[in-house]
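Quick caveat: nothing in here was measured; it's all calculated off a predicted structure. Just so it is clear, the values below take in all heavy atoms, side chains as well, and ignore hydrogens, waters and symmetry mates. Numbers here are sequence positions counted from 1.
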Amino acid sequence: MRRFPQIFPLLLMAVLAGLTFWLDQAIQPDAAAPEAGRQDPDYIVENVIAHRMDAEGRIKHTLRAERLTHYPHDDSTHLVAPHFTSHASRTPMTITSRTARVSSGGEHVYFETDVRAVRAADAKRSEMVMETSFLHVTPDANTARTDRPVTITDANTVAHAIGLELNSETRIVKFLSRFRGTYHDPERAQGR
C-alpha cells in the first residue's frame with residue numbers, strides 16, 4: 001500500500017490516455033464503412049429544363065424531365081419522364097420514355113421503358129416514329145442504339161427488328177437482326 005500513492009498518478013495517466021484513444025476512435029468515421037458506398041442522392045430537382053449549346057450559342061439539345069435525381073457515388077443522374085429534343089440535324093428528333101439515366105458528364109443517355117423517338121416531318125419525308133424498351137443515345141455524336149426489339153413506322157413503312165443503330169445526322173439506320181418490314185408505295189396505290 002505504500003507504493004500506491006506513487007503509482008496512482010501513473011495509473012490515472014494510463015487510464016486517461018486509454019479513454020482519450022477510445023474517444024478519438026469512437027468519433028472518427030469508420031474506414032471500413034466507406035462513404036463512397038452510400039447510394040443516397042445529393043440533390044433532387046423538379047420540372048427541369050436544360051439546354052446544351054454549340055460554339056455559336058445555338059441550342060443543340062434540350063432535355064426536360066419531371067424529376068432529376070443526382071447520385072454522387074457514381075456522378076449519375078436519373079430522370080423521370082424525360083423529354084429530349086435534338087436540334088442538331090435539319091429535322092428535330094424527340095425522344096421520350098418513362099425513365100432515363102445520364103452518365104457523368106452527360107455524354108450518354110440511357111432511355112428506359114416505353115421509349116418513343118419521333119423525327120418530325122419535313123417537305124420530303126413523313127414523320128417517323130421508333131418504339132422500343134431501351135435506347136442508348138450519344139447526343140454529341142447524334143447516334144442511338146438498342147439491342148432490344150424495335151418498331152419503326154412512317155407514312156409508308158412498318159419495320160420490326162431486334163436491335164438497331166441510328167445516326168440522325170447521316171440518316172442511316174442499321175437493323176441488327178430479325179428484320180421484317182412492309183412498304184406501301186403511295187404512287188402505286190394511286191395507279192401511277
Side-chain angles (χ1 to χ4, degrees), residues 39 41 48-54 58-71 73-189:
Q39 303 272 330
V48 171
I49 301 174
H51 301 286
R52 181 171 274 185
M53 314 294 264
D54 65 13
R58 294 181 300 247
I59 296 174
K60 285 174 58 173
H61 315 295
T62 301
L63 179 64
R64 302 169 192 263
E66 287 181 12
R67 180 182 304 125
L68 175 150
T69 305
H70 181 263
Y71 294 91
H73 70 278
D74 62 356
D75 195 27
S76 68
T77 303
H78 295 229
L79 304 171
V80 173
H83 185 276
F84 174 83
T85 304
S86 174
H87 306 281
S89 64
R90 294 167 286 210
T91 309
M93 174 77 92
T94 301
I95 303 170
T96 59
S97 65
R98 286 192 191 176
T99 62
R101 293 176 289 119
V102 182
S103 68
S104 175
E107 291 89 12
H108 303 276
V109 183
Y110 304 94
F111 292 91
E112 301 167 326
T113 314
D114 297 333
V115 181
R116 182 177 168 91
V118 178
R119 184 198 68 212
D122 62 20
K124 297 179 182 179
R125 292 175 202 79
S126 65
E127 177 183 82
M128 181 190 77
V129 178
M130 179 181 69
E131 295 175 312
T132 187
S133 62
F134 173 83
L135 191 64
H136 172 193
V137 175
T138 309
D140 290 335
N142 298 311
T143 61
R145 63 178 39 221
T146 185
D147 59 356
R148 314 274 171 84
V150 61
T151 301
I152 294 181
T153 57
D154 68 13
N156 303 311
T157 309
V158 177
H160 302 277
I162 305 294
L164 124 138
E165 295 175 355
L166 173 127
N167 184 311
S168 63
E169 190 62 33
T170 64
R171 298 177 187 246
I172 294 174
V173 177
K174 178 181 175 184
F175 295 99
L176 302 181
S177 68
R178 297 188 197 170
F179 174 82
R180 60 185 167 77
T182 57
Y183 174 72
H184 169 73
D185 186 351
E187 292 182 14
R188 189 172 184 194

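Note that CZ of Phe111 is 10.0 Å distant from OG1 of Thr99, once rounded to the nearest 0.5 Å. Rounded to the nearest 0.5 angstrom, Met93 CE and Met128 CE are separated by 4.5 Å. The line from CG of Asn156 to CZ of Arg125 is 13.0 Å long, rounded to the nearest 0.5 Å. Taken from NZ in Lys174 to CG in Leu166, the straight-line distance is 13.0 Å, to the nearest 0.5 Å. In this structure, Leu135 CG and Thr113 OG1 are separated by 12.5 Å, a value rounded to the nearest 0.5 Å. Atom CG of Asp147 is separated from atom CD of Glu165 by 10.5 Å, given to the nearest 0.5 angstrom.
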(request) Could you please spell out the steps behind the side-chain contact (heavy atoms from CB on, under 4.5 Å) verdict for Val173 and Met130? (result) CA-CA 11 Å; Val173 177; Met130 179 181 69; over 6 Å; no
(message) Quick one, Val109 with Ile95, criterion side-chain contact (heavy atoms from CB on, under 4.5 Å). Give me CA distance, side-chain angles, the key distance, then yes/no.
(response) CA-CA 11 Å; Val109 183; Ile95 303 170; over 6 Å; no
(request) Please assess His70 against Thr77 for the test side-chain hydrogen bond (donor to acceptor under 3.5 Å, both in side chains), listing each intermediate value before the final yes or no. (result) CA-CA 4 Å; His70 181 263; Thr77 303; 4.6 Å; no
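In plain terms, the two heavy atoms of Ala141 and Asn167 that are nearest each other are O-ND2, 4.2 Å. The two residues Thr62 and His87 have their closest heavy-atom pair at OG1-NE2, 3.3 Å. When all heavy atoms of Asp74 and Tyr71 are compared, the closest pair comes out as OD1-O, 3.5 Å. Closest approach of Ala155 to Ser126, counting heavy atoms only: N-OG, 3.0 Å. Closest heavy-atom contact between Ala100 and Pro82: CB-CG, 3.6 Å.
Screening residues 116-149 for ring-ring contact (aromatic ring centres under 6.0 Å, His included) gives His108-His136, Tyr110-His136 as the qualifying pairs, with residues at least two apart or on separate chains.
Proximity of Asp154 to Glu127: side-chain heavy atoms (C-beta onward) are nowhere separated by under 4.5 Å. Taking 4.5 Å as the limit, some side-chain heavy atom of Glu112 sits within range of a side-chain heavy atom of Arg101. The shortest distance between side-chain heavy atoms of Pro139 and Ser86 does not fall below 4.5 Å. Residues Ile49 and His51 are in side-chain contact: their nearest non-hydrogen atoms beyond the backbone lie under 4.5 Å apart. Counting only heavy atoms from C-beta outward, the side chains of Val115 and Thr146 never approach each other to under 4.5 Å.
No donor-acceptor distance shorter than 3.5 angstrom exists from the side chain of Thr151 to the backbone of Glu131, with no hydrogens or angles considered. Side-chain N or O atoms of Thr132 include one that pairs as donor or acceptor with a backbone N or O of Pro149 at under 3.5 Å.
For the pairing with Thr85, the side chain to side chain contact (heavy atoms under 4.5 Å, CB included) check across Val118, Thr94, Leu63 returns one residue only, Thr94.
Using a 4.0 Å cut-off between charged side-chain N and carboxylate O, Asp140 and Lys60 make a salt bridge.
In the displayed structure, Arg148 atom CZ is contacted under 6.0 Å by more than 12 heavy atoms of other residues, nucleotides or ligands.
With sequence neighbours excluded, no residue forms a ring pair (Phe, Tyr, Trp, His ring centres under 6.0 Å) with His83.
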